[in-house]
Amino acid sequence: MKKRLLWLCGIACLLGIHLSAAEVERLRCEYLCEPQGIDIKTPRLSWVITSKVRGDRQSAYRIVVASTPEKLRRGEGDLWDSGRIDSDKSSQVEYAGRPL
């Protein structure tokens with residue numbers, strides 16, 4: 001459960017870095033905002049980008065999954081680092097890292 005929460009935080013941090021006026025909100029894992037006890041090997045992730053700037057949109061994302069908060073803060077994905085994905089997709093993104 002702890003690892004799952006870490007990678008959800010990672011989505012927010014890493015998406016937010018590249019969006020000046022935008023915010024990442026409503027982080028979800030398997031449609032749940034604060035999942036506990038997810039037993040799916042490849043959980044699906046989703047998020048919503050909001051901005052007060054007209055026309056702002058997501059053009060890419062990067063998901064980093066780390067085993068500790070320290071590694072996550074440094075951007076080290078020891079469980080998974082999706083790398084930059086040029087896509088506006090923000091729903092049903094499957095976890096593709098080491099087993100959780």
Side-chain angles (χ1 to χ4, degrees):
M1 180 178 83
K2 187 175 181 180
K3 289 179 186 173
R4 289 180 182 86
L5 294 177
L6 290 176
W7 49 270
L8 287 175
C9 294
I11 292 171
C13 294
L14 293 167
L15 285 172
I17 287 171
H18 302 290
L19 301 168
S20 58
E23 294 183 19
V24 180
E25 299 178 342
R26 297 194 302 237
L27 301 174
R28 302 257 193 251
C29 176
E30 288 299 314
Y31 304 101
L32 301 171
C33 60
E34 292 186 30
Q36 295 181 12
I38 301 287
D39 61 352
I40 297 171
K41 291 181 181 183
T42 57
R44 294 163 293 179
L45 311 172
S46 63
W47 57 90
V48 173
I49 304 293
T50 59
S51 176
K52 293 181 181 178
V53 176
R54 187 176 185 169
D56 259 2
R57 64 180 180 82
Q58 174 185 311
S59 60
Y61 66 87
R62 177 182 176 207
I63 301 172
V64 173
V65 183
S67 59
T68 66
E70 295 77 26
K71 288 180 181 179
L72 186 60
R73 278 191 284 278
R74 292 190 305 261
E76 295 176 19
D78 62 333
L79 297 176
W80 183 40
D81 185 340
S82 70
R84 180 187 167 96
I85 307 294
D86 292 320
S87 171
D88 62 353
K89 186 175 183 176
S90 63
S91 180
Q92 302 290 320
V93 177
E94 284 192 15
Y95 174 76
R98 290 179 28 202
L100 297 171

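Computed from a predicted structure; not experimentally measured. For reference, positions follow the sequence shown, starting with 1.
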Check: Taking the side chain from Arg62 and the backbone from Asp81, do they hold a donor-acceptor pair closer than 3.5 Å?
Finding: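 The answer is no, because no donor-acceptor pair under 3.5 Å joins these two groups.
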Check: Gln92 side chain to Ser46 main-chain N or O, any donor-acceptor pair under 3.5 Å?
Finding: no
Notebook entry, point to check: Around atom CZ of Arg26, are there more than 12 heavy atoms of other residues, nucleotides or ligands at under 6.0 Å?
Noted result: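 No.
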Margin query: Could you check whether any side-chain heavy atom of Arg57 comes within less than 4.5 Å of a side-chain heavy atom of Ile49, counting everything from C-beta outward?
Written below: no
Margin query: Could you check whether any side-chain heavy atom of Tyr61 comes within less than 4.5 Å of a side-chain heavy atom of Leu45, counting everything from C-beta outward?
Written below: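 In short, these two side chains do not touch, never coming nearer than 4.5 Å.
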Which pair of non-hydrogen atoms, one from [X] and one from [Y], has the smallest distance, and what is that distance?
X      : Y     : answer
Leu32  : Pro35 : O-CD, 3.8 Å
Leu100 : Leu79 : CD2-CD1, 4.2 Å
Arg84  : Asp86 : NE-OD1, 2.7 Å

Notebook entry, point to check: Who are the salt bridge (Lys or Arg N to Asp or Glu O under 4.0 Å) partners of Glu25, not counting sequence neighbours?
Noted result: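 Glu25: no salt bridge (Lys or Arg N to Asp or Glu O under 4.0 Å) contacts found.
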Next item on the list: Sequence neighbours left out, what pairs pass ring pair (Phe, Tyr, Trp, His ring centres under 6.0 Å) with at least one residue falling in residues 62-88?
Entry: Trp80-Tyr95
Notebook entry, point to check: When rounded to the nearest 0.5 angstrom, what is the spacing between OG1 in Thr68 and CZ in Arg73?
Noted result: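 One finds 8.0 Å between OG1 of Thr68 and CZ of Arg73.
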Check: With hydrophobic residues grouped by side-chain heavy-atom distances under 4.5 Å, do Val24 and Ile85 end up in a single group?
Finding: yes
Next item on the list: Applying side-chain contact (heavy atoms from CB on, under 4.5 Å), name anything that partners Glu30, two or more places apart in sequence or on another chain.
Entry: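 Checked Glu30 against side-chain contact (heavy atoms from CB on, under 4.5 Å); matches are Ile38, Ile40, Pro43, Arg44.
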